[in-house]
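Written out below as structure tokens is the structure these notes cover.
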Amino acid sequence: MSPLVVFFAVLVFTLLTVGYVKGKRFVVEHSPDNLIKFHFIMVAVRFIFAITAVGIFALLSPSREDTVHFAALILGLYLTMIVVTIIFKH
């Protein structure tokens with residue numbers, strides 16, 4: 001797996017995490033009643049992105065080993081993103 005793929009995966013998950021934190025602040029300021037809806041929408045978006053990224057990589061990757069490494073990277077980044085959003089949530 002190339003360093004460019006790792007960089008873009010980390011970049012996208014960082015942007016998703018920053019988007020969640022900024023979006024949460026915006027929703028709390030303007031419409032706190034919709035915070036639960038926002039949270040569930042972001043959970044769905046992040047999950048669908050992770051599954052889609054692994055699926056597309058699996059289709060385009062020539063080796064199974066690279067696909068497994070990429071899936072492990074995405075899983076690690078996804079779990080890190082969850083931990084960060086839980087820390088900011090509480």
Side-chain angles (χ1 to χ4, degrees):
M1 184 168 41
S2 75
L4 189 62
V5 171
V6 174
F7 172 75
F8 279 120
V10 171
L11 177 68
V12 169
F13 275 99
T14 302
L15 291 175
L16 283 172
T17 304
V18 169
Y20 176 84
V21 172
K22 298 279 186 186
K24 181 183 174 225
R25 288 181 187 159
F26 181 83
V27 171
V28 166
E29 288 176 10
H30 293 88
S31 181
D33 296 337
N34 291 324
L35 187 60
I36 294 173
K37 291 177 188 175
F38 171 77
H39 176 70
F40 282 124
I41 289 170
M42 286 301 292
V43 166
V45 166
R46 295 182 307 186
F47 181 75
I48 290 170
F49 172 76
I51 297 299
T52 303
V54 171
I56 290 172
F57 192 86
L59 289 174
L60 299 177
S61 176
S63 81
R64 183 179 183 280
E65 184 177 325
D66 280 347
T67 302
V68 171
H69 289 173
F70 183 74
L73 172 70
I74 294 296
L75 179 63
L77 290 172
Y78 187 77
L79 292 175
T80 303
M81 181 175 53
I82 290 171
V83 168
V84 168
T85 55
I86 287 173
I87 288 170
F88 280 116
K89 193 174 180 181
H90 294 292

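Note that the structure is predicted; figures quoted are calculated from it, not measured.
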Open item on the list: Quick check on Ile36: does its CD1 atom have over 12 non-hydrogen neighbours (other residues, nucleotides or ligands) under 6.0 Å away?
Closed with: no
Open item on the list: Please determine whether residues Ile51 and Val12 belong to a single hydrophobic cluster, defined as Ile, Leu, Val, Met, Phe, Trp and Tyr linked transitively by side-chain heavy-atom distances below 4.5 Å.
Closed with: yes
TODO: Indicate if Val18 and Val83 have the same hydrophobic cluster label, given that clusters are the connected sets of ILVMFWY residues with side-chain heavy-atom separations under 4.5 angstrom.
DONE: no
Task: Contacts of type side chain to side chain donor-acceptor pair (under 3.5 Å), residue Thr80, not counting sequence neighbours - done: none
- [ ] Measure the spacing between CD of Glu65 and OG1 of Thr67 and express it to the nearest 0.5 Å.
- [x] 10.0 Å
Open item on the list: Just to verify, which of Leu35, Val43, Ile41 counts as forming a side-chain contact (heavy atoms from CB on, under 4.5 Å) with His39?
Closed with: Val43
Task: Nearest non-hydrogen partners of Phe70 and Ala9, listed with the distance - done: CE1-CB, 4.4 Å
Open item on the list: Please tell me whether Leu73 and Phe8 are part of a single hydrophobic cluster in this structure, the criterion being side-chain heavy atoms less than 4.5 Å apart.
Closed with: no
Task: Minimum heavy-atom distance Ser31-Asn34, with the two atoms named - done: OG-ND2, 2.8 Å
Open item on the list: Please enumerate all residues that pass ring pair (Phe, Tyr, Trp, His ring centres under 6.0 Å) together with Phe38, with sequence neighbours excluded.
Closed with: Tyr20
Open item on the list: Is there a continuous path of hydrophobic side-chain contacts, each under 4.5 Å between heavy atoms, that joins Ile86 to Phe47?
Closed with: yes
Open item on the list: Please say yes or no: joined through hydrophobic side-chain contacts below 4.5 Å, possibly via intermediate residues, are Ile56 and Ile74 part of one cluster?
Closed with: no
Open item on the list: Parallel, tilted or perpendicular, judged at 30° and 60°: which one describes the rings of Phe13 and Phe49?
Closed with: perpendicular
- [ ] State the CD1-CD1 distance between Ile82 and Ile87, to the nearest 0.5 angstrom.
- [x] 12.0 Å
Open item on the list: Using side-chain contact (heavy atoms from CB on, under 4.5 Å), reason through Val54 and Phe57 one step at a time and then give a plain yes or no.
Closed with: CA-CA 5 Å; Val54 171; Phe57 192 86; 5.8 Å; no
Task: Phe26 backbone acceptor or donor facing His30 side chain under 3.5 Å - done: yes
TODO: Can you see which heavy atom on Thr17 is nearest to which on Thr85, and at what distance?
DONE: CG2-CG2, 4.5 Å
- [ ] Might you point out which heavy atoms bring Ser63 and Ser61 nearest each other, and give the distance in Å?
- [x] O-OG, 3.0 Å
- [ ] Quick one: pull up OG1 in Thr14 and CE in Met81 and give me the separation to the nearest 0.5 Å.
- [x] 9.5 Å
